[in-house]
*Asks:* 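Quick one: structure below, then a few questions.
Here is how names work: the chains are called A, B, and so on, in the same order as the sequence lines, proteins then strands, and each is numbered from 1.
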Amino acid sequence: MVAPPDNDVLWARGLQFRHADGSPGLSGVSLGVREGEILAVGGPRGSGKTTLLRCLAGLIPVHGGEVWFNSGPLHTLGPVARERLRRERFGWIDPEPVLVPELNVWENAALPLLLRGTDRRRAKTAALEWLERLDVGDKARKHPGELVHAERQRVCIARALAPAPTVLFADEPTAPLHRADRRHVLRTLTTAARSHGITVVLATADPDIAALADRTVSLLDGRRVRTVHLPPVAETAETEGRAACSLSA
Amino acid sequence: MLALRLTRSARPAVQLRRLLVAAASAGTGFLLLGALGHALNHPDTPSVSALRLAWCAAPLAATVYFAVAVARTDPATRPRPGLSALGLGPARMMVLSAATTALACALGSLLALLVFLHLRGDLTGMPVDGAAADFLAAGRPLPLPAALTLLSVVPVTASLAVAAALRPREQRAGASRMARVYGRFGAYRRTPVRETFGAYGRFGSHLGGAARGGRAAGTADRSSRRQGGQEQPAGGTEEAGSPGTGTSPAAPPAAPLAPPSGLPWGTAVLAVGLAVEAYVSRTGGGSGTGGRAGALAGLALTALGLALAGPGLTHLCGRLLQAVRPGALRLLAGRALMTEAVRIGRPLGVVCAVISAAYAMTSLYDTDDPSVAPLTTLGTLLVTGCAVATLLTAAAEARQARALTTDALLRLGAPAGALRRAAAIRSAALVALFAPLTLAVAELSALPLAA
């Protein structure tokens with residue numbers, strides 16, 4: 001077991017993961033995330049981006065390989081310790097904004113702080129500050145059911161940023177949004193991360209979004225690749241297939 | 001056939017719930033047959049038999065209530081995207097759940113018939129043949145059509161109730177998550193508040209709640225309307241969150257902000273019931289059928305009041321729980337209680353009503369003839385059991401409805417122990433509020449009856 005380089009806040013080597021039904025998830029992914037950088041994990045749907053993020057965040061136990069966080073092994077921790085680590089050091093943004101429907105917006109944003117045991121007033125101040133920064137400050141007393149999708153996603157981002165996590169995992173945070181909303185959400189996310197020195201691991205299938213990041217790691221079929229551009233389909237192959245399926249042929 | 005296939009491949013908890021429905025149906029069927037037996041044995045006193053038949057309404061109602069709760073929790077008959085794509089949408093699912101309920105209830109009815117025939121001594125070969133031959137009219141031939149009619153009452157009623165409760169309703173349309181209302185001239189309108197000139201011109205009405213710093217007045221109004229609009233067609237047993245089972249996560253179930261409206265009504269009915277009992281005991285002195293009928297009416301009013309007040313009291317409980325500067329634990333516990341007030345509160349109110357009524361009944365009927373005792377005990381057990389089982393089923397339903405949120409909280413790193421503690425706090429708060437209340441109401445209603 002080799003200790004990882006010191007300047008990497010998160011470091012993984014030879015990650016293996018197999019889903020519960022036996023289908024392959026990750027087969028030998030290695031990467032390092034430097035402190036304060038925004039790392040995009042690219043690749044098409046089904047390439048293992050979400051699985052990689054879940055492994056790195058300790059949501060699921062890896063089946064092989066190592067994950068180190070701040071020079072401490074993460075892959076050997078038990079579920080309780082990983083849960084505490086997630087609560088104290090990590091932030092997570094889902095593709096769908098899943099908020100607690102019975103809490104209002106600022107309570108939702110302050111919930112991770114409250115779960116950490118922060119004073120209520122301080123949690124509220126932090127939550128309101130982040131909501132204001134993400135342009136949903138005027139909706140702070142509404143309930144999530146009264147907000148539109150993009151606003152809810154911004155509330156989710158505020159919820160992830162408010163406790164000032166060391167690493168923020170964003171799993172396709174803009175997938176269900178239109179492009180204008182998408183740009184806004186991403187710009188606020190990246191700006192906030194850079195200004196507060198938060199490390200971001202951002203999974204996205206969109207190369208435009210990956211351009212906002214400092215570095216991009218591409219995955220394909222659970223492996224790290226240099227590029228995801230597939231070779232163009234040969235003309236002959238296409239016509240052959242078409243001819244075989246055609247009724248008139 | 002599909003109903004059978006889906007019924008067969010279910011988890012043990014679901015099968016247990018269905019078996020409980022079958023058991024409740026069997027008990028009710030047996031009580032109905034018992035009334036028939038009494039009528040056969042005493043052809044000269046039809047009024048007494050009719051009274052016995054009328055008493056069967058309570059277990060019947062409890063059984064149907066329980067069956068509806070179980071059908072609503074049943075994962076097999078929930079609208080599923082895969083089956084919906086095949087054309088097996090909410091409408092067919094309603095038919096499916098009605099069929100499943102009918103199956104369970106018919107099984108129970110069959111069991112009731114077997115036990116009845118066995119106890120009469122018609123079927124032999126078992127240890128207690130003809131043990132209750134005297135009050136089940138053993139000597140007389142059983143009129144089969146009458147028995148079958150009585151036995152079909154439970155399956156038919158339960159299936160119809162399930163179909164009515166689960167009938168497909170129009171989901172909220174995409175962007176507007178408020179109830180669609182038709183404005184003047186039948187036009188679609190997005191604003192549920194009618195904008196007459198007076199409403200607009202009234203001072204400050206279009207400033208909303210911004211001046212007050214709280215929730216917008218229109219929002220509260222809209223949510224209360226939304227809640228009311230969804231409650232009424234379902235006969236008061238539907239809550240705002242439950243049609244959300246088929247919605248995409250993009251449209252989260254709107255949390256009802258306004259408290260349920262039943263609390264004042266419940267309190268009023270409860271007070272009237274207690275007053276009627278007190279009045280009857282003072283004037284009638286418990287003598288004669290008039291006094292007893294009055295006392296029963298008072299008891300029924302008291303129970304109704306408790307059942308009506310249940311959601312409001314649950315909401316109040318949640319509000320108190322999250323009242324003064326709550327941390328994460330009290331916030332989650334209290335708000336969840338406020339959201340689930342209708343779902344949990346109604347069966348809880350029914351349980352309290354049943355318990356207090358049973359307590360008071362024991363003081364009313366302590367000197368009765370012993371021949372009625374087994375059937376009365378069976379009926380009381382049935383009603384109480386159904387009420388408690390409905391409450392537990394509603395709790396399971398609430399848990400199912402919150403599964404998505406719980407998952408998200410766990411991803412955030414919320415400790416699973418904290419969530420469990422929040423649930424424990426919730427239950428403790430409910431017990432702390434409802435147990436003394438039930439005891440007090442039971443004591444109060446037993447006081448004049450015993451005198």
*Asks:* Let me confirm one number: the CG-CZ distance from A:D119 to B:R325, rounded to the nearest 0.5 Å.
*Replies:* 6.5 Å
*Asks:* For chain B, find which of A:R54, A:R121, A:R116 contributes the most heavy-atom pairs closer than 4.5 angstrom.
*Replies:* A:R121
*Asks:* What part of B:L329 is in contact with chain A, defined as an atom under 4.5 angstrom from a non-hydrogen atom: side chain, backbone, both or neither?
*Replies:* neither
*Asks:* Quick one, B:T405 and A:P101 - any side-chain contact, counting heavy atoms below 4.5 Å?
*Replies:* yes
*Asks:* Going by the rule side chain to side chain donor-acceptor pair (under 3.5 Å), which residues pair with A:T118 if we only count those two or more places apart in sequence or in a different chain?
*Replies:* none
*Asks:* Mind ranking B:G327, B:A418, B:G413, B:G417 by heavy-atom pairs under 4.5 Å with chain A and telling me who comes out on top?
*Replies:* B:G413
*Asks:* Say you draw a straight line from CG of B:L412 to CG of A:D94; how long is it, rounded to the nearest 0.5 Å?
*Replies:* 8.0 Å
*Asks:* Could you report the tightest heavy-atom contact between B:P326 and A:R120, atom names first, then the distance?
*Replies:* O-NH1, 3.0 Å
*Asks:* Taking only Lys NZ, Arg NE, NH1 and NH2, and the carboxylate oxygens of Asp or Glu, determine whether B:R411 and A:E83 approach each other closer than 4.0 Å.
*Replies:* no
*Asks:* Which distance, rounded to the nearest 0.5 Å, do you find between the CG of A:L111 and the CG of B:L331?
*Replies:* 7.0 Å
*Asks:* Got A:E102 and B:Q322 here, is their nearest side-chain heavy-atom distance under 4.5 Å?
*Replies:* no
*Asks:* Is it the case that more than 12 heavy atoms not belonging to A:R194 sit under 6.0 Å from its CZ atom?
*Replies:* yes
*Asks:* If you count heavy-atom pairs within less than 4.5 Å of chain A, which of B:A414, B:G334, B:A408 leads?
*Replies:* B:A414
*Asks:* Going by the rule side chain to side chain donor-acceptor pair (under 3.5 Å), which residues pair with A:H178 if we only count those two or more places apart in sequence or in a different chain?
*Replies:* none
*Asks:* Within the supplied structure, the quantity of interest is the number of heavy atoms (other residues, nucleotides, ligands) at a distance under 6.0 Å from A:R84 CZ; does it exceed 12?
*Replies:* no
*Asks:* How many angstroms lie between atom CG of B:L332 and atom CG of A:L115, to the nearest 0.5 angstrom?
*Replies:* 6.5 Å
